[in-house]
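Chain naming here is simple, since letters A, B, ... match the order of the sequence lines and numbering starts at 1 in each.
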2 protein chains.
Amino acid sequence: MSAPPLSAIDPRVTQLVNELIGRVADKWTMLILEALTEGGTMRFSALGRAVPGISQKMLTQTLRQMERDGLLTRTVHPVIPPRVDYHLTDLGLGLAEAFCGVWQWAETHLGRIETARRDFDART
Amino acid sequence: MSAPPLSAIDPRVTQLVNELIGRVADKWTMLILEALTEGGTMRFSALGRAVPGISQKMLTQTLRQMERDGLLTRTVHPVIPPRVDYHLTDLGLGLAEAFCGVWQWAETHLGRIETARRDFDART
DNA sequence: ATTTATACTTACCTTTTGGAAAGTGCCCCC
DNA sequence: GGGGGCACTTTCCAAAAGGTAAGTATAAAT
């Protein structure tokens with residue numbers, strides 16, 4: 001499917017913003033964002049514990065992406081065994097705040113969605 | 001990775017909300033949400049045109065999910081050739097509003113993220 | 001000397017996602 | 001009676017996501 005879109009308000013910004021949101025709004029990023037919002041500064045292993053179900057691979061990968069996007073800082077302490085601290089930048093905190101709205105929406109309307117699903121499933 | 005999470009504020013609501021957000025916050029859902037917010041009532045083909053790059057398969061699939069979740073209504077007019085209208089429910093509109101914050105955040109901070117990325121890539 | 005702890009990295013492999021394209025149903029129009 | 005339009009549905013297949021598990025580095029502790 002192609003052809004020109006409906007509105008001409010945004011030229012290529014829309015494209016970029018969508019890409020950005022897609023990158024930023026995935027499952028693990030949101031969960032890490034939440035953990036760091038609550039936990040302040042956390043080390044790798046603590047994050048692993050705070051985000052149930054995440055694998056080491058995805059934890060590392062997601063943290064790196066977030067660091068790259070400037071959402072958090074990564075501080076390596078030159079000690080052994082290694083210790084690495086993560087904490088949100090103001091950019092990351094801002095994103096967490098913005099997501100707060102979605103979070104709250106989800107929390108308050110969870111019930112309605114569940115019944116909507118049941119109705120739909122019964123109907124079909 | 002497993003073990004108990006950091007905070008005990010939310011029992012299993014967190015789980016449900018996360019699942020819900022993951023379902024609701026994907027690329028196509030957001031784009032369709034946006035199209036319908038701007039376009040009001042739209043038919044299948046119009047949505048296909050309004051969301052550039054989506055395939056018929058994903059359009060149908062995403063619309064069905066959204067209908068199931070109660071985010072939009074699907075009205076089949078018994079005419080030939082077929083005509084099906086989609087439009088957001090108040091639930092869907094609420095979600096669109098909630099996402100508005102994220103959208104705006106992304107729009108305003110796009111520049112900062114891009115420079116953060118360049119810095120990171122240069123650093124490594 | 002071996003074990004332990006931490007924060008990764010890498011290789012392999014399964015599962016999921018999603019695109020392309022062809023098929024379906026149905027009536028109107030020429 | 002052949003073609004066209006719309007809204008799907010289905011099948012096949014390639015690409016990407018992501019899990020598991022093993023490996024790496026280092027120094028302190030036993």
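- Taking atom CD of residue B/Glu67 and atom P of nucleotide D/dA7, one finds them 15 Å apart after rounding to whole Å.
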Determine whether A/Leu71 and A/Ile32 satisfy the following criterion, side-chain contact (heavy atoms from CB on, under 4.5 Å), listing intermediate values before the conclusion. CA-CA 11 Å; A/Leu71 300 179; A/Ile32 291 174; over 6 Å; no
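- In this structure, the CG atom of A/Leu59 is 16 Å from the C1' atom of D/dT20, given to the nearest Å.
- Here CD of A/Glu67 is found 10.0 Å from CG of A/Asp69. Values are rounded to the nearest 0.5 Å.
- Closest-nucleotide positions on DNA chain D for A/Asp26 and B/Lys57 were compared, and the one nearer the 5' end corresponds to B/Lys57.
- The CG-C1' distance, from B/Leu47 to D/dC8, rounds to 14 Å in whole Å.
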Which atom pairs link the protein and nucleotides 1-7 of chain C when you take only N or O atoms and keep those under 3.5 Å?
{"from": "C/dT6", "atom 1": "O3'", "to": "A/Arg43", "atom 2": "NH2", "distance (Å)": "3.0"}
{"from": "C/dT6", "atom 1": "O3'", "to": "A/Pro82", "atom 2": "O", "distance (Å)": "2.8"}
{"from": "C/dA7", "atom 1": "OP1", "to": "A/Arg43", "atom 2": "NE", "distance (Å)": "2.8"}
{"from": "C/dA7", "atom 1": "OP1", "to": "A/Arg43", "atom 2": "NH2", "distance (Å)": "2.8"}
{"from": "C/dA7", "atom 1": "OP2", "to": "A/Ser45", "atom 2": "N", "distance (Å)": "3.2"}
{"from": "C/dA7", "atom 1": "OP2", "to": "A/Ser45", "atom 2": "OG", "distance (Å)": "2.9"}

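- No option in B/Met42, B/Arg43, B/Arg74 other than B/Arg74 meets the side chain to side chain contact (heavy atoms under 4.5 Å, CB included) test with B/Val84.
- For B/Asp90 and A/Arg112, the salt-bridge test passes: some basic side-chain N is under 4.0 Å from an acidic carboxylate O.
- Separating the CD atom of B/Gln61 from the P atom of D/dC8 is a distance of 13 Å, rounded to the nearest angstrom.
- For the residue pair B/Ser45 and B/Arg49, a side-chain donor N or O sits within less than 3.5 Å of a side-chain acceptor on the partner.
- Two different hydrophobic clusters hold B/Val79 and B/Val76 under the rule that ILVMFWY side chains link at heavy-atom gaps under 4.5 Å.
- Distance B/Ile54 CD1 to C/dG19 C1': 12 Å, rounded to the nearest Å.
- If you take CG of B/Leu31 and P of C/dG18, they are 12 Å apart, rounded to a whole angstrom.
- Rounding to whole angstrom units, CD of residue B/Gln65 and C1' of C/dG18 are separated by 13 Å.
- Between the CE atom of B/Met42 and the C1' atom of D/dC6 there is a distance of 16 Å, rounded to whole Å.
- Here the closest heavy-atom approach between residue B/His87 and residue B/Thr41 is recorded as CB-OG1, 3.5 Å.
- Environment of CD in A/Glu97: sparse, with no more than 12 heavy atoms of neighbouring residues, nucleotides or ligands closer than 6.0 Å.
- Using bins of under 30°, 30° to 60° and over 60° for the plane-to-plane angle, the ring pair B/Phe99/A/Phe99 lands in the perpendicular bin.
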Applying the Watson-Crick and G-U criteria (both distances under 3.5 angstrom) with [ ] for crossing and | for other-strand pairs, one obtains for DNA chain D ||||||||||||||||||||||||||||||
